[in-house]
Amino acid sequence: MDSQKQAIKGAKVLMVGAGGIGCELLKTLALSGFEDIHIIDMDTIEVSNLNRQFLFRQWHVGQSKAKVAREAVLKFRPHINITPYHANVKDPEFNIDFFKQFNVVLNGLDNLDARRHVNRICLAANVPLVESGTTGFLGQVTVHVKSKTECYECQPKPTPKTYPVCTITSTPSKFVHCIVWAKDLLFAKLFGDKNQENDLNVRSGDAASSSEHTEDVFERRLNEDPEQYGQRIYDHVFGYNIDAALANEETWRNRNRPKPIYIKDVMPDKPQQQNGNLDDNSVNGNSTVSAMPSLGLKNPQNIWSLLENTRIFLESLKLFLVKREKEIGNLTFDKDDQLAVEFVTAAANIRAASFGIPMQSLFEAKGIAGNIVHAVATTNAITAGLIVIEAIKILQSDATNYRMTYIVEHPLRKMLLMPVEPFEPNKSCYVCSETPLSLEINTNRSKLRDFVEKIVKNKLGMHSPSIMHGTSLIYEVGDDLEEDFANNYALNLEKFLSELPSPVTSGTVLTVEDFQQELSCSIYIKHREEFDEEKEPDGMLLTGWTPAPSNDDTRPISNGESSSNASKQLPGTQEDSDEISAVAADKEIALTGSKRKQSEISDVDGEVAISACTSGIKGSNQKPEEVDDNGDDDVVMLDENPCKKKRLQ
Amino acid sequence: MDGEELTAQETALYDRQIRVWGVDAQRRLSKSHILVSGMNGTVAEFCKNIVLAGVGSLTLMDDRLVTEEDLLANFLIRPDEKEFGGRSLAEFCCDSLREFNPMVRVSVEKGDLASFDGEFFDKFDAVVVARCSLAIKKVINAKCRKRSKGTQIAFYAVDCRDSCGEIFVDLQNYTYAQNSPDDCLLKYPSFEEAITVPWRTLPKRTTKLYFAMRVIESFEQAEGRNPGETSLADLPRVLVLRKELCEAQSLNESQIPVGLLERLLAGTREYPPVCAILGGILGQEVIKAISGKGDPLKNFFLFDVVDGKGVIEDISNPTET
């Protein structure tokens with residue numbers, strides 16, 4: 001025990017994330033005797049954090065999580081060193097040399113992107129990593145030590161589901177489709193960057209007939225009254241566009257026909273005479289501008305009527321124009337922006353009504369739109385305890401006892417906390433081994449930009465990539481590029497792969513590198529003509545480090561039963577600010593929030609079992625006197641049947 | 001539940017957890033009253049969890065004065081505070097806990113819980129005891145059971161020794177909704193009933209820690225010690241007791257490894273990561289019992305850092321379940 005104390009006392013640890021898990025972890029580290037803790041978090045404190053991030057108080061809202069967490073812990077452990085960084089872990093200052101000063105890195109992160117980044121830096125710096133994640137009552141803690149255990153990316157992480165454009169623009173069948181439409185198309189069109197590509201139909205009836213000049217109906221006309229503008233948008237997106245879509249009989253042959261909704265149908269009286277009173281809000285700052293109070297709507301759990309949704313739609317749109325005019329053109333949807341949530345809820349509900357999809361409350365809609373993950377203090381506290389236990393083993397180089405532990409909601413084989421031996425590195429992992437990848441792509445129709453965005457950034461998670469074809473550099477990111485080169489790369493981005501100066505065709509091998517992450521991989525290019533729009537919406541297919549997922553059984557959660565489940569499929573999960581878990585991102589266990597049934601959990605766990613068993617026979621590592629006569633007190637192996645325990649020997 | 005709605009403040013604060021257990025459960029929580037006795041590190045963790053979750057009220061009992069030892073695993077006490085004499089452990093913890101959530105009423109009750117008469121208990125939905133001897137556990141558990149004010153009082157006992165921990169749960173007759181159309185009824189034995197279940201009737205794979213805890217508990221009782229007042233020097237006599245108990249109960253002595261007993265005897269301090277784990281599991285169980293959501297554990301939870309397993313054991317007479 002004394003050697004353990006010394007190891008803890010002398011250790012220098014890096015925590016990434018001071019949120020739900022982070023607060024608990026910092027407290028438990030301090031109590032356990034750690035004296036030199038560095039902590040990185042770019043976030044500031046929000047009200048919805050306070051139910052579990054117990055180091056923060058109401059009056060801290062808006063302040064740096066890392067700094068406030070430090071102050072709070074120093075109150076009960078005044079003499080230890082806590083170094084906070086209110087910064088993004090992906091900033092260049094946190095490079096490999098920075099990571100090398102630590103004995104162990106502990107992750108309490110909320111997104112896949114940052115997790116992958118930290119994983120790569122830890123591999124490059126050769127610093128052990130303890131990774132963690134929670135969602136609701138489920139949690140997971142894993143240990144990643146270079147060349148001893150698998151790395152965070154040895155098993156594929158499902159990337160956020162994207163929907164075919166036509167499902168969103170024309171044929172929604174689920175509420176989530178309406179949310180994506182309201183958030184990523186309508187909200188973005190009205191309040192976001194005007195230069196962004198957007199698939200909304202902007203042509204009005206009049207414009208379509210006069211082919212000379214097509215006016216964008218979403219442009220507010222000079223001196224146009226905010227209310228009139230709102231009504232015009234309403235009639236266009238919920239009325240005219242639906243009528244226009246109905247004209248295409250083919251689309252509706254096997255589908256329910258949607259119902260166009262015009263203002264006059266919903267509000268036969270003068271819609272101008274709303275109860276809304278702008279002056280009510282005038283004392284408040286932007287963040288508190290809200291359409292609900294002025295319309296007498298209080299409870300976010302209630303499902304509004306079509307009339308109420310219409311009123312909220314018009315009122316919130318008006319409030320944006322009147323109260324937040326300066327932000328228009330720069331807004332992106334933010335789940336903590338009350339007015340944005342109201343607008344998106346109302347717009348999604350009206351669209352849902354049009355397509356015969358059940359409407360939802362603001363509470364639910366916010367969960368789906370904001371990718372909000374369920375979170376409670378207890379699971380985070382347990383997770384933090386498990387992280388510290390593994391961290392201490394790492395400091396003592398107690399490699400045979402490293403465990404990954406699942407926290408489950410329903411006992412599996414009598415267990416609520418279930419330890420499993422870590423897996424060996426995946427020999428064909430493109431991150432921690434040097435395995436080539438292969439990419440099927442239409443080289444004549446895909447631009448370099450598509451490749452960079454969809455593969456290099458989204459799939460491979462690189463931030464500052466450079467792309468080589470043999471010895472010639474075809475693309476590079478950096479602040480210090482010479483102008484000639486930068487211009488050249490910009491030109492290349494818009495070229496089809498086969499038309500690049502050094503053409504990329506079937507059989508080409510590209511080398512993609514990220515210097516910050518010290519990661520390099522080779523990609524074999526294979527030309528393919530056609531892609532299935534439903535199954536391969538990217539229009540390209542990357543394979544190599546894992547077997548391609550078999551179809552239906554590994555599909556990401558999509559029953560729509562739980563809002564956060566469905567939400568994980570929306571594009572752009574990165575905007576989440578809560579703990580999206582490793583659990584959730586891994587499909588190996590219970591990505592499913594609290595509603596998944598036990599049998600389903602054990603199904604998913606089946607994968608764990610198989611890889612555990614193929615990774616070699618594990619001996620008992622307990623003291624002889626503690627081995628009972630069954631000799632089965634070994635590490636638990638998971639298999640399809642939760643009642644059986646697999647014996648290794 | 002009645003139609004009372006959560007306030008806007010509650011909805012904003014509890015947003016993420018309402019997404020886990022729903023509005024009804026949140027409302028039930030906010031009307032519940034919890035009593036804890038024995039403010040150690042594990043209980044501090046538990047209190048933090050349920051105050052954050054938004055219970056109606058929390059009453060703390062522990063009249064001891066703060067010592068250096070109490071600071072080790074309890075983050076509710078600031079080290080400079082021990083200088084201020086005269087205030088009890090419970091009073092210091094109360095101040096910190098109030099800050100965690102202004103919507104929860106946290107208060108202190110003075111006195112010895114075991115000597116309180118039954119009516120005192122009627123105010124509470126759940127009672128949690130820690131640092132508590134075998135005899136006291138039985139007494140308080142029995143008092144909780146005797147009350148029949150319509151709603152039953154849930155009883156929990158928690159112990160953390162070295163890197164091991166145990167939670168005992170008594171929900172008496174507990175009905176809760178499951179996925180199936182019929183409600184599920186669980187019958188819990190009292191602590192006294194549970195620990196007298198003959199060991200030979202328990203499944204062979206029963207966690208060794210369960211037996212080891214019983215041996216230590218009996219040892220302290222026989223020696224008239226307070227919980228945790230043990231050291232390695234006690235091992236020879238503990239081994240004698242192990243032999244006696246195992247012979248009487250027809251259990252192979254190897255089911256209670258010497259190494260485990262050594263750790264429990266020597267490690268009288270709480271191990272903070274285990275406090276976090278036990279406090280988390282206990283918090284979750286109390287939230288389940290009050291909200292009526294989720295399968296509560298029956299009736300022992302045991303955790304040992306050495307194997308890393310968090311195991312549920314059902315220790316009850318087959319005839320009674």
Side-chain angles (χ1 to χ4, degrees), chain A residues 24 27-28 30-32 47-48 50-52 54 57-58 73 75-78 136-137 298-301 363 367 372-382 384-386 388-389 392 403 405 409-411 414-419 563-564 578 594 597 622-623 625-626 628-630 632-633 636, chain B residues 5 8 11-20 23 41 45 48-49 52-54 71-73 75-80 99-102 179 204-205 208 252 254-255 257-260 272-277 279-281 283-284 287 294-295 297 301 303 305-313:
Chain A
E24 295 288 340
K27 172 256 305 163
T28 303
L31 290 174
S32 302
V47 172
S48 62
L50 302 177
N51 81 317
R52 63 199 184 285
F54 75 102
R57 308 279 171 266
Q58 187 75 44
V73 168
K75 283 185 181 158
F76 62 86
R77 283 293 181 274
F137 293 121
K298 283 183 190 133
N299 190 340
Q301 309 275 348
F363 180 83
I372 292 175
V373 172
H374 305 171
V376 287
T378 49
T379 316
N380 289 336
I382 298 165
L386 294 169
V388 175
I389 289 169
I392 293 172
R403 292 290 177 272
T405 305
E409 184 180 8
H410 305 286
K414 297 200 307 189
M415 275 180 279
L416 284 176
L417 307 179
M418 190 162 45
S563 56
S564 83
D578 275 277
S594 51
K597 290 187 202 96
Q622 299 186 336
K623 288 181 221 156
E625 61 177 5
E626 288 183 7
D628 68 5
D629 31 45
N630 292 329
D632 64 359
D633 223 351
V636 174
Chain B
E5 287 181 1
T11 310
L13 177 63
Y14 300 136
D15 182 283
R16 297 303 187 271
Q17 65 198 40
I18 291 174
R19 293 178 195 278
V20 178
V23 181
E45 288 278 352
K48 171 205 69 190
N49 293 335
L52 291 172
L71 299 176
L72 291 173
F75 57 92
L76 298 176
I77 309 165
R78 301 178 188 186
D80 53 348
E99 283 187 16
F100 290 171
N101 187 347
N179 293 336
K204 210 174 172 190
R205 300 251 291 269
K208 298 178 182 74
N252 190 325
S254 70
Q255 291 292 332
V258 179
L260 182 54
V274 178
C275 295
I277 290 167
I281 299 280
Q284 225 147 283
I287 290 165
D295 323 339
L297 72 80
F301 173 82
F303 178 77
V305 166
V306 167
D307 63 15
K309 293 181 195 170
V311 183
I312 296 171
E313 294 291 357

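In what follows, chains carry the letters A, B, and so on, assigned in the order in which the sequence lines appear, proteins first and then strands, with residues in each chain numbered from 1. Below, all heavy atoms of this structure are taken into account, side chains as well, without hydrogens, waters or symmetry copies. As the structure is a computational prediction, the values presented were derived from the model and not from experiment.
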Visitor: Mind checking what makes side chain to side chain donor-acceptor pair (under 3.5 Å) contact with A:Thr378, not counting sequence neighbours?
Guide: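 Listed in chain order: B:Gln284.
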
Visitor: Just how far is it from atom CD1 of B:Ile281 to atom CD1 of A:Ile382, taken to the nearest 0.5 Å?
Guide: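 Answer for the CD1-CD1 pair, B:Ile281 versus A:Ile382, is 4.0 Å.
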
Visitor: Nearest 0.5 Å, what's the CD-NZ distance between B:Gln255 and B:Lys204?
Guide: 8.0 Å

Visitor: Between CG of B:Leu76 and CD of B:Glu45, what distance do you get to the nearest 0.5 Å?
Guide: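 One gets 8.5 Å once the value is rounded to the nearest 0.5 Å.
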
Visitor: With a 4.5 angstrom heavy-atom cut-off, is it the side chain or the backbone of B:Asp15 that approaches chain A, or both, or neither?
Guide: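 Contact with chain A is through both the backbone and side chain of B:Asp15.
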
Visitor: Would you mind checking which part of B:Ala73 comes under 4.5 Å of any heavy atom in chain A, side chain (CB onward), backbone (N, CA, C, O), both or neither?
Guide: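 Contact with chain A is through the backbone of B:Ala73 alone.
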
Visitor: Check each atom of A:Glu24 against the heavy atoms of chain B and say whether the ones under 4.5 Å are side chain, backbone, both or neither.
Guide: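 The answer is the side chain of A:Glu24.
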
Visitor: Flag the one option from B:Ile18, B:Ile287, B:Val274, B:Leu297 with the top tally of heavy-atom pairs under 4.5 Å to chain A.
Guide: B:Ile18

Visitor: Can you tell which part of A:Lys414 gets under 4.5 Å to a heavy atom of chain B, answering side chain, backbone, both or neither?
Guide: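 Both the backbone and the side chain of A:Lys414 come within 4.5 Å of chain B.
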
Visitor: Output all residues satisfying ring pair (Phe, Tyr, Trp, His ring centres under 6.0 Å) with B:Tyr14, sequence neighbours left out; order by chain, then residue number.
Guide: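 Applying ring pair (Phe, Tyr, Trp, His ring centres under 6.0 Å) to B:Tyr14 gives none.
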
Visitor: What part of A:Leu386 gets closer than 4.5 Å to chain B, counting heavy atoms only: side chain, backbone, both or neither?
Guide: both

